[in-house]
Student: 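Please read through the structure below; I'll follow up with questions.
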Amino acid sequence: MDARSRLSRALKNPILFCRHANRLYHRRLGLRSYNEDGIDPFAADWDNLLVLDACRYDMFERRADLPGRLRRVESRASTTVEFLRANVGGRDLRDTVYVTANPQLHQHRESIEAQFAAVVDVWRGDGWSDDHGTVLPETVTAAALRANEEHPDKRLVIHYMQPHYPFIGADTRFAGGDFTDTEASEENVWVQLLQGRLDADREGIWELYDANLDRALPHVEEAMEKLGGRTVVTADHGNMVGERAFPIPFREWGHPRGVYTPELVSVPWLVYEDGPRRKIRASTAGHGEESADDDVVAERLRDLGYAE
């Protein structure tokens with residue numbers, strides 16, 4: 001959906017108009033395309049970068065009990081696509097293998113133009129769980145360990161899908177609901193909450209959101225322990241769960257692009273060191289990513305709560 005279509009849609013809906021106005025504020029009327037106060041995670045010193053999707057700092061601090069030194073940092077983004085464009089767009093990363101459960105890099109590969117040593121799309125084929133409508137965290141960890149064996153001289157980025165929707169960590173009446181909304185422009189479950197069309201309270205949603213992170217953490221810890229070297233656990237962005245937006249103070253849900261409230265850009269940065277560092281070498285040629293069926297990619301994104 002282009003900018004004109006988004007604006008037209010926002011004008012027809014008061015809440016979406018307020019969100020659009022807040023986006024204009026945070027992006028300085030379009031003068032910046034990402035949160036310039038955020039860190040550049042790819043410039044940091046690590047062998048393994050474990051990225052939790054939509055994991056805010058306060059949530060991680062409260063739920064995670066992983067080894068290492070934890071601090072709060074700011075992300076450059078409030079969505080995955082924004083994170084990728086701000087941090088890897090046009091970048092030479094031939095010393096890095098990207099293992100990902102999120103199809104967004106593939107979906108936007110022509111505009112992002114990142115040059116990795118290899119990209120492992122875990123969401124393809126058997127990596128996708130039809131029962132859950134997502135990629136399970138144990139599947140991502142297994143793919144990461146295989147990638148480490150195949151590329152022992154490369155840095156690894158391991159992008160987990162959790163705690164991002166869909167909810168897989170708890171069995172409640174919300175977890176199996178049909179959140180389909182063909183008019184949504186962000187994750188559908190959050191848009192329904194934003195517009196008051198889903199009968200759920202904040203406490204119930206927090207339980208589901210927390211349970212998704214809890215479901216992933218043991219598999220994140222397994223990766224930390226087995227990969228060795230210097231590992232950083234972070235997130236691409238956070239998520240709002242009914243907090244007041246800014247500057248227009250309506251209750252916001254999800255992670256709308258271009259809005260940089262603390263709930264959306266405050267993310268964890270956990271550093272863990274175990275054993276000798278990896279000797280990193282760049283490949284002589286960048287990775288040419290395989291194409292995927294457009295219908296399959298669109299279906300994966302819908303299952304994950306992204307609108308077309």
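As the structure is a prediction and not an experimental result, all values here were calculated from the model.
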Student: Under 4.5 Å between any side-chain heavy atoms of Tyr34 and Glu36, yes or no?
Tutor: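 The answer is yes; the side chains approach within 4.5 Å.
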Student: Would you please say whether a donor-acceptor pair under 3.5 Å links the side chains of Asp274 and Thr231?
Tutor: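 Looking only at side-chain atoms, Thr231 and Asp274 do not form any donor-acceptor pair under 3.5 Å.
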Student: Tell me who clusters with Phe246, hydrophobic residues only, linked when side chains sit under 4.5 Å apart either directly or through other members.
Tutor: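 When side chains under 4.5 Å apart are linked, the cluster holding Phe246 also contains Tyr25.
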Student: Kindly give the heavy-atom pair with the smallest separation between Gly258 and Ser78, and that separation in Å.
Tutor: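 Distance-wise, the nearest heavy atoms are N-OG, 3.1 Å.
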Student: From Leu208 CG over to Leu213 CG, what is the distance, rounded to the nearest 0.5 angstrom?
Tutor: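 Rounded to the nearest 0.5 Å, the CG-CG separation comes to 13.0 Å.
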Student: What distance separates Asp303 CG from Asp130 CG, expressed to the nearest 0.5 Å?
Tutor: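 Result: 8.0 Å between the selected atoms.
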Student: Please lay out, stage by stage, how Gln104 and Ile112 fare under the test side-chain contact (heavy atoms from CB on, under 4.5 Å).
Tutor: CA-CA 10 Å; Gln104 293 286 12; Ile112 293 173; over 6 Å; no
Student: Between Asn87 and Pro41, which heavy-atom pair has the shortest distance, and what is it?
Tutor: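 Scanning both residues completely, I find the closest heavy atoms to be OD1-CD, 3.3 Å.
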Student: Mind running side-chain hydrogen bond (donor to acceptor under 3.5 Å, both in side chains) on Thr80 and Asp53 for me, showing each step along the way?
Tutor: CA-CA 8 Å; Thr80 299; Asp53 205 302; 3.2 Å; yes
Student: For Ala21, which residues count as a side-chain contact (heavy atoms from CB on, under 4.5 Å) partner, sequence neighbours excluded?
Tutor: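 Only Ile248 meet the side-chain contact (heavy atoms from CB on, under 4.5 Å) criterion with Ala21.
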Student: Using the side-chain hydrogen bond (donor to acceptor under 3.5 Å, both in side chains) criterion, which residues pair with Arg62? Sequence neighbours excluded.
Tutor: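 Partners of Arg62 under the side-chain hydrogen bond (donor to acceptor under 3.5 Å, both in side chains) test: Asp210.
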Student: Within the distance-only criterion (no hydrogens, no angle test), does the side chain of Asn102 pair as donor or acceptor with the backbone N or O of Met161 below 3.5 angstrom?
Tutor: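 Such a contact is absent between Asn102 side chain and Met161 backbone.
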Student: Give the minimum heavy-atom separation between Ala144 and Ile158, together with the two atoms involved.
Tutor: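 Reported closest heavy-atom pair: CB-CD1, 3.6 Å.
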Student: Hey, mind stepping through Asp121 and His106 against side-chain contact (heavy atoms from CB on, under 4.5 Å) and telling me if it holds?
Tutor: CA-CA 8 Å; Asp121 288 324; His106 181 86; 4.3 Å; yes
Student: Go through the steps for Val233 and Phe60 under the test side-chain contact (heavy atoms from CB on, under 4.5 Å), then give the verdict.
Tutor: CA-CA 10 Å; Val233 182; Phe60 186 90; 4.1 Å; yes
Student: Grab the two heavy atoms, one from Pro163 and one from Ala54, that are nearest each other, plus how far apart they are.
Tutor: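 That would be CG-O, 3.6 Å.
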Student: Is a donor on one side and an acceptor on the other found under 3.5 Å between the side chain of Asp95 and the backbone of Ala117?
Tutor: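 Side chain of Asp95 to backbone of Ala117: no pair is present.
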Student: Using 0.5 Å steps for rounding, measure from the OH atom of Tyr98 to the CG atom of Leu156.
Tutor: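 It comes to 12.5 Å.
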Student: Applying side-chain contact (heavy atoms from CB on, under 4.5 Å), can you list everything that pairs with Ala44, at least two apart in sequence or on another chain?
Tutor: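 With neighbours one apart ignored, the set is Trp46, Trp269.
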Student: Identify all side-chain donor-acceptor contacts of residues 147-154 below 3.5 Å with residues at least two apart in sequence or on another chain.
Tutor:
from, atom 1, to, atom 2, distance (Å)
Asn148, OD1, Arg278, NH2, 3.4
Lys154, NZ, Arg281, O, 3.1

Student: Indicate whether any N or O donor in one side chain lies under 3.5 Å from an N or O acceptor in the other, for Thr141 and Tyr160.
Tutor: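 Yes - a donor-acceptor pair under 3.5 Å links their side chains.
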Student: Any chance you could lay out the side-chain contact (heavy atoms from CB on, under 4.5 Å) test for Tyr272 and Leu66, step after step, and finish with the verdict?
Tutor: CA-CA 9 Å; Tyr272 174 70; Leu66 300 176; over 6 Å; no
Student: Taking only residues two or more places apart in sequence, or in another chain, which ones meet Asp47 in a salt bridge (Lys or Arg N to Asp or Glu O under 4.0 Å)?
Tutor: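 Counting only residues at least two positions away or on another chain, Asp47 forms a salt bridge (Lys or Arg N to Asp or Glu O under 4.0 Å) with Arg277.
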Student: If I take atom CH2 from residue Trp123 and atom OG1 from residue Thr139, how far apart are they, to the nearest 0.5 angstrom?
Tutor: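 Here the rounded value is 15.0 Å.
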Student: Scan residues 235-256 for pairs that pass salt bridge (Lys or Arg N to Asp or Glu O under 4.0 Å), counting only residues two or more places apart or in two chains.
Tutor: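 The answer is Arg19-Glu252, Arg56-Glu243, Arg202-Glu243.
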Student: When rounded to the nearest 0.5 angstrom, what is the spacing between OH in Tyr260 and CG in Asn35?
Tutor: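 With rounding to 0.5 Å, OH (Tyr260) is 6.0 Å from CG (Asn35).
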Student: Strictly by ring-ring contact (aromatic ring centres under 6.0 Å, His included), give each pair with a member in residues 198-217 just once, sequence neighbours left out.
Tutor: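 Every ring-ring contact (aromatic ring centres under 6.0 Å, His included) pair that includes a residue of residues 198-217, provided the two are not neighbours, is Trp206-Tyr209.
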Student: Tell me every residue that passes ring-ring contact (aromatic ring centres under 6.0 Å, His included) with Tyr57, counting only those two or more places apart in sequence or in another chain.
Tutor: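 ring-ring contact (aromatic ring centres under 6.0 Å, His included) check on Tyr57 returns nothing, list empty.
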Student: Quick check against the 3.5 Å criterion: does Arg23 have a side-chain atom that pairs as donor or acceptor with the backbone of Arg257?
Tutor: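 Yes.
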Student: Name all residues meeting the side-chain contact (heavy atoms from CB on, under 4.5 Å) criterion together with Asp214; count only those two or more places apart in sequence or in a different chain, and write none if there are none.
Tutor: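 For Asp214, the residues satisfying side-chain contact (heavy atoms from CB on, under 4.5 Å) (neighbours in sequence not counted) are Arg63, Leu217.
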Student: For Ser75, check side-chain contact (heavy atoms from CB on, under 4.5 Å) against everything at least two apart and list the hits.
Tutor: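 For Ser75 the side-chain contact (heavy atoms from CB on, under 4.5 Å) partners, ignoring immediate neighbours, are Ala77, Phe83, Val267.
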Student: Could you state the interatomic distance from CZ (Arg155) to CG (Asn48), rounded to the nearest 0.5 Å?
Tutor: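 Reported value, rounded in 0.5 Å steps: 10.0 Å.
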Student: Is any side-chain heavy atom of His164 closer than 4.5 Å to a side-chain heavy atom of Asn239?
Tutor: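 Contact flag for His164/Asn239 side chains = no.
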Student: Determine which pairs satisfy salt bridge (Lys or Arg N to Asp or Glu O under 4.0 Å) with at least one residue from residues 80-92, sequence neighbours left out, and list them in order.
Tutor: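 Output for this query lists Arg27-Glu82, Asp40-Arg91, Asp92-Arg94.
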Student: If you take all heavy atoms of Val99 and Ala143, which pair is closest and at what distance?
Tutor: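 That closest heavy-atom pairing would be CG1-CB, 4.1 Å.
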Student: Mind listing the closest non-hydrogen atom pair of Val140 and Ala101 along with its distance?
Tutor: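 Looking at all heavy atoms of both residues, the closest pair is CG2-CB, 3.8 Å.
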